[in-house]
Amino acid sequence: MAVKNDDDIKKSLDMLEAHTGPYDEKFAQAHAEDIHAMADRLNGKKDDLWERTRRWFDDHYDHVKEHLHDDKEKIETHLHRHKEEKK
């Protein structure tokens, strides 16, 4: 996974939030790197971008996670870390 800066994360979120099609295999595979970088960002500073990223995961991740295959484990490692921090 390429490390993405906040501007890249914002662009990914803009694109993913604008998505109106199905959260299918094609979508998940095309955006797995973006989703992975966004999950990693949840372990960063808690600002507006963090909140926006968290909302995307709360609203959409369940629809796409089964299509992520190999990337799912990596993404969920970041999500698990984020949930542990919340406790």
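In this structure, the side chains of Glu66 and Lys72 come closer than 4.5 Å at one or more pairs of heavy atoms.
Heavy atoms only, all atoms of each residue included: Leu16 and Trp56 are closest at CB-NE1, 3.6 Å. Considering all non-hydrogen atoms of both residues, Met38 and Thr53 come closest at O-CG2, 3.4 Å. Scanning all heavy atoms of the two residues, the minimum distance from Val64 to Ala28 falls at CG2-CB, 3.4 Å. Heavy-atom minimum distance, Ile75 versus His36: CG1-CA, 3.6 Å.
Residues meeting the ring pair (Phe, Tyr, Trp, His ring centres under 6.0 Å) test with His19, sequence neighbours left out: Tyr23, Phe27. Applying the salt bridge (Lys or Arg N to Asp or Glu O under 4.0 Å) test to Glu76 and every residue at least two apart in sequence or in another chain returns nothing. Applying the side chain to side chain contact (heavy atoms under 4.5 Å, CB included) criterion to Glu51, with sequence neighbours excluded, gives Arg54, Arg55. Residues forming a salt bridge (Lys or Arg N to Asp or Glu O under 4.0 Å) with Asp24 (at least two apart in sequence, or on another chain): none. With sequence neighbours left out, the side chain to side chain contact (heavy atoms under 4.5 Å, CB included) criterion links Asp7 to Asn5, Lys10. The salt bridge (Lys or Arg N to Asp or Glu O under 4.0 Å) check on Glu17 picks up Arg52, with sequence neighbours excluded.
Within the model, atoms CG of Asp8 and CG of Leu13 stand 11.5 Å from one another, a figure rounded to the nearest 0.5 Å.
Salt-bridge annotation for Lys4 and Asp40: absent, with no side-chain N of the basic residue lying under 4.0 Å from a carboxylate O of the acidic one. Residues Lys11 and Asp34 are not paired through a salt bridge, judged by the lack of any N-O separation under 4.0 Å between the basic side chain and the carboxylate.
The number of heavy-atom neighbours closer than 6.0 Å to CG of Asp47, taken from other residues, nucleotides and ligands shown, is above 12.
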Passes side-chain contact (heavy atoms from CB on, under 4.5 Å), Lys45 versus Asp6? Steps please. CA-CA 11 Å; Lys45 64 182 176 179; Asp6 283 359; 4.1 Å; yes

